[in-house]
Amino acid sequence: MHNVTLKALQLTVGHLVAVKEHDFKKCDQAGFCKRNRAYADTAASQSSTWASPYQVVVDSPSLKDGQLQAVILKTINSKGDTVRLPVTISFLQSGVARVTIDEERRQNKDIELRHNSIARKERYNEAAKWALVGGLEPDQKAEIVHQDTSQINVKYGPEANFEAVIKLSPFEIDFRRDGDSHIKFNERGLFNFEHWRPKIERPEGQENTEEDESTWWDESFNGNTDTKPRGPESVALDISFHGYEHVYGIPEHTGPLSLKETRGGDGNYAEPYRMYNADVFEYILDSPMTLYGSIPFMQAHRKDSSVGLLWLNAADTWVDIIKTKGSSNPLNLNSGAPTSTQTHWISESGIFDTFVFLGPTPQDITKKYTELTGTTAMPQEFALGYHQCRWNYISDDDVKDVDRRFDKAKIPYDVIWLDIEYTDEIKYFTWDPHSFTDPFGMGKQLDSHGRKLVVIIDPHIKRVDNYPINEQLQSLDLAIHDKDGKIYEGHCWPGLSNWIDCFNPKAREWWKTLYKYDQFKGTMENTFIWNDMNEPSVFDGPETTMPRDNLHYDNWEHRDVHNLNGMTYHHSTFEALKSRKKGELRRPFVLTRAFFAGSQRFGAMWTGDNLADWGHLQTSITMLLNQGISGFPFSGADVAGFFGDPEKELITRWYQTAAFYPFFRAHAHIDSRRREPYLLGDPYSVIATAALRLRYSLLPSWYTTFFYANRDGSPILRPMFWTHPSSEGGLAIDDQFFLGSTGLLVKPVAEKDKYSADIWIPDDEIYYEYTTYNIVKTQQGKRVTLDAPIDRIPILMRGGHIITRRDIPRRSSTLMRFDDYTLVISVSKNGEAEGELYVDDGDSYEYQEGQYIYRKFSLKDNVLTSTDVEGRDTRKIKPGKWLKAMQGVHVNKIIVVGAPALWNRAEIQIESEGRTWSAKVDYRAAEKDRAAFATVTHVGARVGEDWSIKLA
């Protein structure tokens, strides 16, 4: 290891020891959060007399082309002076409503900045440019159905059953569906828009006694001072979800899926949930503390009703949550009313830009949200396989040896990863000349059996002479600047570093050039990228990130764009990988640690530097469920914990759990012992290998599920409230899930010495154990206990589904591409089942030109059929190279679990492509708990063609 690397490691180790909760702000240490929480406390203590100082100018509202324009006046003192706040309420064709509020004086740049700052004078108004991609078409049919001097009622939505009731004085909005109130803005009067005001230099002893100005103009934390050239500028609003006890979302946090209250009390948090992307080493569990990424999207659910909210602000944001019970006073008309959830959103800067989703189903919320922010990128198929990583494989020979040992142990994997030590003294786009002397030879060995290499590229660029990348970064002026307009310097892995500014279009174009194969020498077509540390992480910066008064492209302050920073970097790398060679257009794979709303369009994320303990295994399930319902389903957690040396039982259970992570990667700290699955010893290596082979056998179902996520934003891992919104008992369950629409219900074992699993059953359908075909004795809304010895993953098959597998063990997904398929049918109570298979070449964008297979399998009225989902005549599609090869791929085995007696025959007849032939059937009658099942072999029906099997 080079001396510079040792120095970086020493810095990091010290950093690890030091970084605890006190290195990150609490609400009362963030001036804007403290002020707004105090504002809420004042309003609560004066509830009988409190009046919000915001009112809509009576003659200002007008509705045109789906947009209601008006002006809000904020009264700022006892003399009646006011500040004008233009408001636009946009009613969109999708039924989503958007509310934007700005500050007229800042809009007009009619303010003065302190410290001779060159920062922008306006409030930041470009988050939508980065986060949104569609769904903004106005609802031309939106109409005012009532208007007087006190309120305006606007009907909107595809069925005109949504209504926004805008109260003028004080300003409030009540969003209704079918006449019932669901979401209210400013019901508690906590709306607070900190307007610009000049700093008044007061003689000592004559400070402002009406307001505490101590954090208005500058603010210090842990030795760092934020100069705040624009003064106080936070935006805050109370948003109430009427009749909703459960709210979800606003990742990334480690608490339960159903968010906790944050104002204290037994089992609650005392701090608000925080969204401020930060490098939080060894993060703690069950906490509202900020982590690496932020998605300011919240959903509320109750039995048969769902609503949602997107708070589109990229600045430091805190969210308080309070739940209020219905009154027990029999004289109160609200007696017995359901619990409601009151939230209080507080952001440091920017405009107010919020979207309201009125459902009514979880699927509606997901679809409308991803229409706005985009769906998950269609991944390369290899990305759904197993990824092997650690910090660090020490040489190209080490990588090749690990690769050979996986093969010797007959363990499948697709990708091996390199952390920072592969570089020459942590200069990205270079290779260590002593340890990685032959990257091409390494890449070619991997490629020979379909495997890939991922290398890390972080946004900090080492500031050192004779390093062309840094010289170009500086000479072209493509780096982030400090508050004085000079290139910002800070410390990260390489030591003194500069940071690329991916808000700058010229920087993004330059970034593309660096990834070209002839520039990043040693990379090949099977090389892909990992973006880490992109919060951004700055070891010597405030809260391990960069100063808020740093300046980005167009002189926007870092405070305004902080939570967007990681996404712009991720996006830039994604685009760079699409242009590595002229004429090559392949799907990128880029992993990110920091993210925002919309990051799902560019690849995968993982939950950062977790610990090798049981609690982190448990919370990983909840965190990934939350990512999925928040629009970013391609997510994973380090298997079996980044820090520490896990016991073998924990490693084994983690592999079993991670077999159902959308992104499946093992990773470990540089000080951790090697723990590749072949090193575990019996029986643990065998059990981990079985979990990996299960993942690989189910890759066709995984890929189909990702296709759905790409199409409509649906989660990969689906919590009970999402799949069964009418089952009230499932609203808070966050330790089990369905895999897409496969009907596979999974309850990972995530506790030490636990050898059973209690699975909550959401409906009255029949359920079978996945491996034994036993019929599980279930009752809707109750839990059933399954045996779960160390070698078993509790998986149930819900009746009525058909899943696809590939059952031949291979070394990688690439080597499985043209294997035949197996169908597994779990017959429902009514004797039916259905499922889908989507498959394309798993690499290119040719699927956009019709080069794919998309089949629906259906068992109904004793007939099993395969048809094209879209009704395409596949014979009219001119096949490319991949589609031609798929003509030799068949459905060659069918397993029917719960098979009726009609399947009890020696053979069955298959009809396809104008021919009829027979296939053998092995029928096993029901025995004890095991369902009857039939296995049909040598089916021989082309997977891309129509076929049918008639049983009666």
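For this chain, numbers begin at 1 and follow the sequence in order.
- Separation of the Tyr684 and Tyr655 ring centroids does not fall under the 6.0 Å cut-off.
- The salt bridge (charged side-chain N to carboxylate O under 4.0 Å, His left out) analysis of residues 607-621, with sequence neighbours excluded, yields the pairs Arg593-Asp609.
- Side-chain rings of His387 and Phe589 approach one another, their centers coming within less than 6.0 Å.
- In this model, a donor atom of one side chain and an acceptor atom of the other lie less than 3.5 Å apart for Asn277 and Ser294.
- Aromatic ring orientation, His571 versus Phe574: tilted (interplanar angle from 30° to 60°).
- Aromatic ring centres of Trp702 and Phe663: separated by at least 6.0 Å.
- Here the NE2-CG distance, from His253 to Leu285, works out to 13.5 Å after rounding to the nearest 0.5 Å.
- Heavy atoms only, all atoms of each residue included: Pro662 and Leu624 are closest at CD-CD1, 4.3 Å.
- Relative to the six-membered ring of Phe528, Arg580 meets both conditions, a distance below 6.0 Å and an angle of at most 45° to the axis.
- For Phe539 and Trp493, the ring centers sit closer than 6.0 Å to each other.
- The OG atom of Ser812 lies 5.0 Å from the CG atom of Asp414; values are rounded to the nearest 0.5 Å.
- Taking CG from Asp432 and OH from Tyr422, the interatomic distance works out to 11.5 Å, rounded to the nearest 0.5 Å.
- The aromatic rings of Tyr283 and His616 are tilted relative to each other, their planes meeting at an angle between 30° and 60°.
- In terms of heavy-atom proximity, Asp518 sits nearest to Lys521 at O-NZ, 2.8 Å.
- Asp840 and Tyr703 are linked by a side-chain donor-acceptor pair at a separation below 3.5 angstrom, with hydrogens and angles left out of the test.
- Cation-pi geometry between Arg665 and Trp417 is met: the NZ or CZ atom falls under 6.0 Å from the ring centre, inside 45° of the normal.
- When the shell of 6.0 Å around NZ of Lys506 is examined, it contains 12 or fewer heavy atoms from other residues, nucleotides or ligands.
- Ring pair His669/Phe642: centre-to-centre distance below 6.0 Å.
- Note: Trp882 CH2 to Asp841 CG = 7.0 Å, rounded to the nearest 0.5 Å.
- Within 6.0 Å of CZ on Arg674 lie more than 12 heavy atoms contributed by other residues, nucleotides or ligands.
- Atom CZ of residue Phe595 and atom CG of residue Asn563 lie 10.0 Å apart, to the nearest 0.5 angstrom.
- Atom NZ of Lys444 sits in a sparse spot, with 12 or fewer heavy atoms from other residues, nucleotides or ligands closer than 6.0 Å.
- The structure places OH of Tyr428 at 8.5 Å from OH of Tyr467, a figure rounded to the nearest 0.5 Å.
- A donor atom on one side chain and an acceptor atom on the other are not found under 3.5 Å apart for Asn531 and His570.
- Between Trp654 and Tyr661, the shortest heavy-atom contact is NE1-OH, 2.9 Å.
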